[in-house]
Amino acid sequence: MFETKRSAEKVVTVKGVTRKEVNQFLTGAKAESNKTRSGNGALKFSSSGDSFTDQFTKAGKYKEPRKFSEIERDAEMLWGEDPLKAVKFTLFLRTIPRVVNLPDGSKTELPQKGTEVRHEAIMRMIWLHMKSPETFWNNIILFVSLGSWHDIFTMLQYDLSYNGWKNRKLDWDKFGDLILSGLNNKNTVDLVKKYLPQIKARSQATTIDAQSNNAIAKWICSLLFGNKEGPSTYKQYRKLKNSGTAHDWQKLISQSKFDKIDFNAIHGRALSILVKSKFLKNHGLSDKYNAWITAPTTKDVKYTGFVHELFEGSWQRDANKEATINKQFDTLVQKAKTDGVTDLIVVRDTSGSMGSQCPGTKSTCYDVGKAIALYFSEFLTGRFAGHWIEFNSDAKLHSWVGQTPVDKWKNDKSSYVGSTNFQSVINLFAKMKKDGVPESDFPSGILAISDSEFNPTSLNTTNVEAAKKTLKAAGFSKAYVDNFIIVLWNLQNSYYGRGSGEKFETGKDTQNVFYFGGYSASVVSFLSAKIKTTYDLMEAALDQEILNMVEI
């Protein structure tokens, strides 16, 4: 159904789940049936004891497009347990961190935060359309608001690319009404126009996706201008699409009016891509851009991508690229400081397995961990400000060297090598305590960025249990040990095979141990004094203004 795309056809002519019962009974993460081992032999658990918490933790895995059958299985599982929460979770997966504008002209009081796994969320919505059409239509506007109007056209494209025109599964009549309503709403019209698919010559539509987009565009033409096909109708459609004001800078580029481009008007991710390309050099804009990006008045250089994406690609020794990274990184940091981001010290796994690629990214786990570590180290205060801990076979305390994010990135000489000895981090705490560092100077806990395939402990317990015992034996007070926070940011990879980075040290109700997945650093701000367990953390992530508008 949505499993394998059809082959592209020479010409596309436009004329005019089953439910699976999934029973899974979780008896708790520490049940015998859930015991497993890490890739290095440490005691772990295959589940936290809660399906929502499990999937919340595995969000990084969803960045890489999965088969529809796998998505369907997971969506069914959550729906069977709590339909309302299942829909909220789907919308959370799509959410782009930002203040959200709604079609009625209102906007959220606070930025909404999520994991931005677009394909996964869209496929779960397609599943919901077939599972409960009424629920789908009750919430599609919320989904679009948290994501993009482009998602609507992607759903239609998937329907044609996988199923063909004659075997469409979605309700195209209602999708048509939705698109027309968006075009008739002054608050959404420009965004809809921006994402309307283009009509291309058949000779240019050689892939199944391009052919599907052509078919969608012609179908929309029929909704807007009647069923007549031909140059005059297509000209009206193109005129309508080009009348939008959502990205005037793109029009200036298409019209070769490069000198009139206002760099302030280009949104963050697009700006990053533009600067990392040869565009500025090819059109003689390097000096103009440099004057803008390095000006003291240019401060809020927005960026909506993931932190690690700033450092992807070829950018070193290029002044404009490096200045852009610095400004966008600083904007992310300043924005996050208003959220009360945690001051935990970052613990970064640099073992050999971290050289594997992160799912759905162009980066290794090593580089993703480096970017996240650099970001969160900006929030640590006191004696350990600007520091981070590296661990592989052993652990070392480092400080970032340099004045700018780019300088700090370049000056980090670590590499991925050795095993994943998590206990070496705790032993380092114990050594510093023995060397005279007062307990009051220590961070309240650690934010460990790793694939979590730890080495086994000497006591054959989980690494979290062993960590608490080591801290106590080192002379830390009971209050410090009891309240010591361990955040495990799990980066999935394929180094240890399927399921790597998807295991747990504790159950969902263990206090002061939290699990994160994915690449959106903004979600860490859900941590607060009232959040005691990883289950609380997941619940807090789903307790947001827009998500609380979900209807079943």
Would Trp172 and Trp165 satisfy side-chain contact (heavy atoms from CB on, under 4.5 Å), going step by step from the backbone distance to the final call? CA-CA 11 Å; Trp172 282 57; Trp165 185 266; 3.8 Å; yes

Decide yes or no on side-chain contact (heavy atoms from CB on, under 4.5 Å) for Met155 and Tyr158, but give the supporting numbers first. CA-CA 5 Å; Met155 291 180 192; Tyr158 284 172; 5.8 Å; no

Quick one, Ser51 with Glu81, criterion side-chain hydrogen bond (donor to acceptor under 3.5 Å, both in side chains). Give me CA distance, side-chain angles, the key distance, then yes/no. CA-CA 9 Å; Ser51 299; Glu81 294 185 17; 2.7 Å; yes

Candidate pair Phe68 and Tyr162, rule side-chain contact (heavy atoms from CB on, under 4.5 Å), full reasoning: CA-CA 11 Å; Phe68 183 73; Tyr162 285 97; over 6 Å; no

Check against side-chain hydrogen bond (donor to acceptor under 3.5 Å, both in side chains), Thr95 and Gln112: CA-CA 7 Å; Thr95 300; Gln112 306 296 281; over 6 Å; no

Between Asn242 and Lys193, is the side-chain hydrogen bond (donor to acceptor under 3.5 Å, both in side chains) condition met? List the steps. CA-CA 7 Å; Asn242 292 333; Lys193 287 179 180 178; over 6 Å; no

Working for side-chain contact (heavy atoms from CB on, under 4.5 Å), residues Arg6 and Thr4: CA-CA 6 Å; Arg6 301 176 301 116; Thr4 304; over 6 Å; no

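Here the closest heavy-atom approach between residue Ala210 and residue Ala205 is recorded as CB-CA, 3.9 Å. Nearest heavy atoms, Glu116 versus Ser520: OE2-OG, 4.2 Å. Residue Ala336 comes nearest to Phe379 through the heavy atom pair CB-CZ, 3.6 Å, listed as atom of the first residue, atom of the second, then distance. What you find for Ser522 and Lys113 is that their closest heavy atoms are O-CD, 3.7 Å. The two residues Cys358 and Tyr519 come nearest to each other via the heavy atoms CB-OH, 3.3 Å. Minimum interatomic distance between Lys508 and Asp50 (heavy atoms only, all atoms of both residues): CD-CB, 3.2 Å.
In this structure, the separation between CD on Gln357 and SG on Cys365 is 9.0 Å, given to the nearest 0.5 Å. Tyr195 contributes atom OH, which lies 12.0 Å from atom CH2 of Trp149 (distance to the nearest 0.5 angstrom). Note that the CG atom of Leu547 and the CG atom of Leu146 stand 6.0 Å from one another [nearest 0.5 Å]. Atom CD1 of residue Ile141 and atom CG of residue Asn185 lie 8.5 Å apart, to the nearest 0.5 angstrom. If you take OH on Tyr62 and CD on Gln492, they are separated by 9.0 Å, rounding to the nearest 0.5 Å. With values rounded to the nearest 0.5 angstrom, Asp367 atom CG is found 9.0 Å from Thr361 atom OG1.
Side-chain contact annotation: Ser161 with Ser212, donor-acceptor N/O pair under 3.5 Å present. For the residue pair Asn490 / Ser452, a side-chain donor-acceptor distance below 3.5 Å is found, with atom types taken as modelled.
Shown here is Lys169, whose NZ atom has more than 12 heavy atoms of other residues, nucleotides or ligands within 6.0 Å. Within a 6.0 Å radius of CD in Glu109, other residues, nucleotides and ligands contribute 12 heavy atoms or fewer.
Side-chain contact between Leu183 and Leu224 is present, with heavy atoms from C-beta onward closer than 4.5 Å. Considering only heavy atoms from C-beta on, Leu156 comes within 4.5 Å of Trp219 through its side chain. At least one side-chain heavy atom of Leu310 sits less than 4.5 Å from a side-chain heavy atom of Leu332. The side-chain heavy atoms of Ile220 and Pro197, taken from C-beta on, include a pair separated by under 4.5 Å. Side-chain contact between Asn187 and Asn101: absent, with no pair of heavy atoms (C-beta onward) separated by less than 4.5 Å. The shortest side-chain heavy-atom distance between Ile126 and Phe136 does not fall under the 4.5 Å cut-off. The closest side-chain heavy-atom distance from Leu223 to Ile179 is not below 4.5 Å. Between Ile71 and Arg124, the closest side-chain pair of non-hydrogen atoms falls below 4.5 Å.
At least one donor-acceptor pair closer than 3.5 Å links the side chain of Thr188 to the backbone N or O of Gly182. Of the possible polar contacts, one joining the Asn214 side chain to the Lys200 backbone as a donor-acceptor pair under 3.5 Å is found. In terms of modelled atom types and a separation under 3.5 Å, the side chain of Thr533 and the main chain of Asp536 share a donor-acceptor contact. Checking side-chain atoms of His267 against main-chain N and O of Thr304 turns up no donor-acceptor pair under 3.5 Å. Within the 3.5 Å criterion, the main-chain N or O of Arg37 finds a donor-acceptor partner in the side chain of Lys503. Judged by distance alone, the side chain of Ser106 and the main-chain N or O of Leu102 form no donor-acceptor pair under 3.5 Å. Between the side chain of Thr331 and the main chain of Val301, a donor-acceptor pair closer than 3.5 Å is present. The closest donor-acceptor contact from the side chain of Thr90 to the backbone of Ala121 lies at 3.5 Å or more, if one exists at all. Checked by atom type and distance alone, the side chain of Thr36 never pairs as donor or acceptor with a backbone atom of Ser46 at under 3.5 Å. When atom types are taken as modelled, the side chain of Asp543 and the backbone of Glu539 share no donor-acceptor pair closer than 3.5 angstrom.
The pair Glu70-Lys58 does not meet the salt-bridge criterion, since no charged nitrogen lies less than 4.0 angstrom from a carboxylate oxygen. Under a 4.0 Å N-O distance rule, the pair Glu120/Arg66 qualifies as a salt bridge. Contact check on Glu76 versus Lys131 returns a salt bridge, with a Lys/Arg side-chain nitrogen under 4.0 Å from an Asp/Glu carboxylate oxygen. Look at Glu309 and Lys362 and you find no salt bridge, because none of the NZ, NE, NH1 or NH2 atoms lies under 4.0 Å from a carboxylate O. Taking 4.0 Å as the cut-off between side-chain N and carboxylate O, Lys5 and Asp209 count as a salt-bridged pair. Salt bridge annotation for Lys44-Glu505: present, with a cationic side-chain nitrogen under 4.0 angstrom from a carboxylate oxygen.
Using the six-membered ring where Trp is involved, Phe52 and Phe89 have ring planes that are perpendicular, over 60° apart on the 30 and 60° scheme.
Among Ile486, Leu488, Ile531, the one residue that satisfies the side-chain contact (heavy atoms from CB on, under 4.5 Å) test with Phe514 is Ile531. Among Thr57, Thr506, Asp54, Thr53, the single residue meeting the side-chain hydrogen bond (donor to acceptor under 3.5 Å, both in side chains) criterion with Tyr515 is Thr506.
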